[in-house]
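To keep things clear, I will list the structure first and then write my remarks on it.
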Amino acid sequence: MHDVYIFNTMGRNIQLFKPLHEGSVGFYGCGPTVYNYAHIGNLRTYIFEDTLVRMLKRFGYEVTHVMNITDVGHLSSDDDTGEDKMLKSARERGQSVLEIAQFYTDAFFRDTERLNIQQPKIICKATDHIQDMIELIKRIEANGYTYFAGGNLYFDVSKFDRYGELAGLQLDQLKAGARVELDPNKRNPFDFVLWFTKSKFDKQALLWESPWGIGYPGWHIECSAMSMKYLGEQFDIHAGGVDHIAVHHTNEIAQSEAATGHKWVNYWMHAEFLVIDKGKMSKSSGSFLTLESLIDRGYDPLDYRYFCLGGHYRSQLSFSWEGLDQAKSARLSLVDKVLALKEKVAKPAALSELGEKALQYRSAFDEALADDLAMPRAMAQVWNLLKDNDVPAQDALALILDMDEVLGLDLAKAQRKEVSVDPETLQWINSQIERRAAAKKARDFATADAIRSELIAKGIQLEDRPEGTVWRLHE
RNA sequence: GGCGCCGUACCCAAGUGGUAAGGGAGAGGUCUGCAAAACCUUUAUACAUCGGUUCGAUUCCGAUCGGCGCCUCCA
């Protein structure tokens with residue numbers, strides 16, 4: 001097992017990762033609220049989490065990855081003035097909440113699959129765990145951390161000493177929320193709702209019985225309840241986007257530890273934003289790009305995955321079409337190199353028999369991974385390996401495929417796109433190639449070049465190799 | 001108003017107290033009838049600005065300018 005260092009938001013420094021149970025990792029990643037499509041900024045975070053899990057597995061850990069699906073309780077604001085996002089979406093589209101949730105859940109996993117993101121071991125829906133949430137809230141209440149006001153059960157942050165530690169919040173800066181419309185029921189602006197029974201919006205189907213009345217859970221409680229259910233009352237790593245630090249995760253910590261009386265999560269990891277036009281991508285600002293829209297523009301989802309691998313997860317990454325083009329070129333080049341290696345050697349070397357040079361690259365690659373998931377440095381090693389002519393081809397192939405277990409670029413399955421061309425076109429192309437070969441033989445280069453031009457105009461690029469002419473689709 | 005982050009070549013992006021990884025793009029070359037592909041070489045004399053600490057700073061400290069994020073739903 002390899003030592004792994006990660007940046008812990010709690011403490012804001014890089015720490016040696018020590019799992020609760022040797023050899024295994026309990027990992028909870030905040031999942032999507034399924035009221036709309038995920039945009040590529042959201043997807044960056046899931047690519048990060050996937051890379052993290054792959055890295056831990058590479059170093060010998062057994063990872064139990066849990067992800068929630070938020071299909072209720074996530075309000076458009078954190079007091080009772082907000083409307084539930086799911087209900088709002090359902091109302092606007094004239095569909096049931098169930099239909100909306102299912103539709104966008106499917107869309108989400110279709111995206112993650114196309115990005116070669118491995119499915120979490122456990123995927124849990126909030127609506128399937130209402131009872132777990134109620135039980136947890138009862139514990140919080142029994143421990144004296146709650147109060148009931150205006151029909152809702154609130155968490156009283158003043159009762160929790162360490163409130164705000166994750167984000168470095170200071171409770172005495174209450175006026176910080178001056179811009180926000182305050183919920184008059186709250187004793188403290190940072191208090192948050194555990195259970196709603198009252199809201200000005202029509203709740204219809206999404207209501208459950210509870211000790212506090214018929215209603216629905218606050219947003220934060222689902223992550224506490226479900227993570228504890230599947231990972232235990234204390235577990236190793238909890239990850240999400242940086243936007244969750246100050247509110248969502250801060251509140252999760254407060255309620256979780258208020259319920260159990262002990263520490264909940266050991267390491268907090270947060271992915272920075274994808275920014276576009278000097279701002280984060282968001283559903284409201286109009287800068288909303290889905291994976292589908294990238295595909296429509298001719299990109300492979302893995303181009304985007306490669307793009308994300310180019311920046312460190314704790315740094316904002318600037319998205320631009322030019323940047324995506326660059327990632328696409330680089331990825332295609334990588335695929336070409338792997339294909340060339342595959343053509344060169346019958347089969348890759350066994351990892352246990354790698355030569356010294358290859359082992360050096362492997363070691364440097366692993367060092368980068370183990371140093372807070374430094375993917376840009378890891379990628380540099382990939383390229384250094386591929387450029388080094390002193391590494392035997394079978395070693396290089398074995399190692400690049402080994403590295404790809406973490407990169408997730410699907411290099412093992414890499415193949416030339418040309419295989420998808422229909423037989424008729426194929427026959428035509430081959431006949432053109434034969435005509436050109438004949439012209440070349442007769443030293444009629446004008447005709448030969450004309451044929452080549454005609455093909456390139458149709459997106460077919462010829463390559464004269466020593467063993468004969470081959471072609472490829474040209475983009 | 002409070003808290004935090006960032007500013008590295010044409011673009012994306014690492015990194016270090018002792019003068020800068022990698023990728024894309026560009027340039028030159030080898031090969032080729034010519035291309036393409038491949039390969040080779042090449043592309044940052046002040047790493048935003050101004051001070052300070054230091055033998056020495058891009059890397060540490062302070063200020064300034066610019067950008068971003070969170071504090072409000074948000075990955």
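Just so we're on the same page: letters track the sequence lines, and every chain starts at 1. Computed from a predicted structure; not experimentally measured.
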Just to verify, what does [X] make a side chain to side chain donor-acceptor pair (under 3.5 Å) with, not counting sequence neighbours?
X      : answer
A:H270 : A:T9, A:H249
A:N116 : none
A:S318 : none
A:N430 : none

Which residues pass the ring pair (Phe, Tyr, Trp, His ring centres under 6.0 Å) test with [X], not counting sequence neighbours?
X      : result
A:F365 : none
A:F7   : none
A:H312 : none

Of residues 102-119 of chain A, the positions that come close to RNA chain B - non-hydrogen atoms, cut-off under 4.0 Å =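 The stretch gives none, as no residue of it lies under 4.0 Å from the strand.
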RNA chain B contacts made by residues 3-10 of chain A, counting heavy atoms under 4.0 Å = none
Identify each atom pair where a protein N or O and an N or O of nucleotides 11-18 of chain B are less than 3.5 Å apart, giving names and distance.
from	atom 1	to	atom 2	distance (Å)
B:rC11	O2	A:Q326	OE1	3.0
B:rC11	O2	A:Q326	NE2	2.9
B:rA13	OP1	A:S318	N	3.1
B:rA13	OP1	A:S318	OG	3.2
B:rA13	O2'	A:G310	O	3.3
B:rA14	OP1	A:H312	N	2.9

Pairs where residues 319-341 of chain A contributes a residue and the test ring-ring contact (aromatic ring centres under 6.0 Å, His included) is met, not counting sequence neighbours | A:Y299-A:W321, A:F307-A:F319, A:F319-A:W321
Could you provide the dot-bracket string of RNA chain B, using ( ) for intrastrand pairs, [ ] for crossing pairs and | for bases paired to another strand, with Watson-Crick or G-U pairs below 3.5 Å?
-> (((((((..(((.....[...)))((((((.......))))))....(((((..]....))))))))))))....
